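Since this is a predicted model, take the numbers as computed values, not measurements. Atom set for the values below is all heavy atoms of this structure, side chains included, hydrogens, waters and symmetry mates excluded.
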Amino acid sequence: MGTLTRDHQHTATSPADDRRTPHSAHTATPAPPATAEPTAESTTTRHSDRPRDADGMAVAAFVLGLVGLLVFNLVFGPCAIALATLALLRGTHRKGRAFLGLTLGVADLVVLFSLLAANDTVTWQFGG
């Protein structure tokens with residue numbers, strides 16, 4: 001048989017043993033006061049996640065730009081350019097990777113337009 005504690009947590013107790021031990025005593029911590037302004041702790045957490053997100057964008061731009069050289073350069077090229085630009089604007093720690101993703105995204109579009117000019121198609125193949 002169980003009982004509900006003050007915090008609505010279900011604890012298993014037997015009817016014969018309702019005494020509290022020091023280990024099961026509940027110590028309440030006071031809740032922080034509700035304020036309309038963000039606290040310094042929440043502000044630093046939010047800002048510390050920003051470069052991490054920007055680093056992920058830089059890596060994604062690099063990967064999309066690299067894959068875009070082989071397939072779907074019409075889609076992956078602009079996506080790589082956009083992600084690399086956002087990563088640089090958000091202050092990534094991986095600036096080299098972001099610039100490389102930006103360069104590869106532009107190269108994707110150059111390959112696309114050169115294939116259109118040379119073959120009147122966006123497909124290519126090795127050999128003759």
Side-chain angles (χ1 to χ4, degrees):
M1 176 158 210
T3 61
L4 290 178
T5 63
R6 193 171 79 176
D7 292 333
H8 305 291
Q9 295 174 347
H10 186 70
T11 59
T13 59
S14 65
D17 189 24
D18 281 337
R19 64 178 178 230
R20 289 187 160 231
T21 62
H23 298 293
S24 66
H26 179 69
T27 57
T29 57
T35 59
E37 297 178 21
T39 62
E41 182 178 314
S42 66
T43 308
T44 56
T45 303
R46 201 174 334 141
H47 289 298
S48 68
D49 289 341
R50 227 174 149 178
R52 184 174 153 213
D53 292 340
D55 290 346
M57 286 182 190
V59 172
F62 170 71
V63 170
L64 286 175
L66 192 62
V67 172
L69 287 174
L70 301 174
V71 293
F72 299 123
N73 41 4
L74 179 63
V75 176
F76 290 157
C79 287
I81 293 170
L83 283 174
T85 304
L86 281 173
L88 289 170
L89 289 176
R90 290 186 179 189
T92 181
H93 296 296
R94 299 180 180 201
K95 291 189 188 311
R97 185 119 352 130
F99 281 121
L100 192 57
L102 185 65
T103 305
L104 286 171
V106 171
D108 291 347
L109 297 179
V110 168
V111 167
L112 175 71
F113 292 130
S114 65
L115 285 173
L116 280 174
N119 300 335
D120 293 329
T121 184
V122 292
T123 60
W124 56 276
Q125 63 183 2
F126 290 112

For a quick test of reading the model, state the closest non-hydrogen atom pair linking [X] to [Y] and the distance between them.
| X | Y | value |
| --- | --- | --- |
| L86 | M57 | CB-SD, 3.8 Å |
| A87 | A58 | CB-N, 3.7 Å |
| G91 | A54 | C-CB, 4.5 Å |
| L83 | A61 | CB-CB, 3.9 Å |
| A80 | G65 | CB-N, 3.6 Å |
| V111 | L69 | CG2-CD2, 4.3 Å |

From [X] [atom1] over to [Y] [atom2], what is the distance, rounded to the nearest 0.5 angstrom?
| X | Y | atom1 | atom2 | answer |
| --- | --- | --- | --- | --- |
| C79 | N73 | SG | CG | 12.0 Å |
| F99 | T85 | CZ | OG1 | 9.5 Å |
| T103 | F62 | OG1 | CZ | 11.0 Å |
| L102 | I81 | CG | CD1 | 6.5 Å |

Which of L64, L104, L70 passes side-chain contact (heavy atoms from CB on, under 4.5 Å) with F76? Answer is L64

Using atom types as modelled and distance alone, determine if a side-chain donor or acceptor of T92 lies under 3.5 Å from a backbone N or O of L88.
no

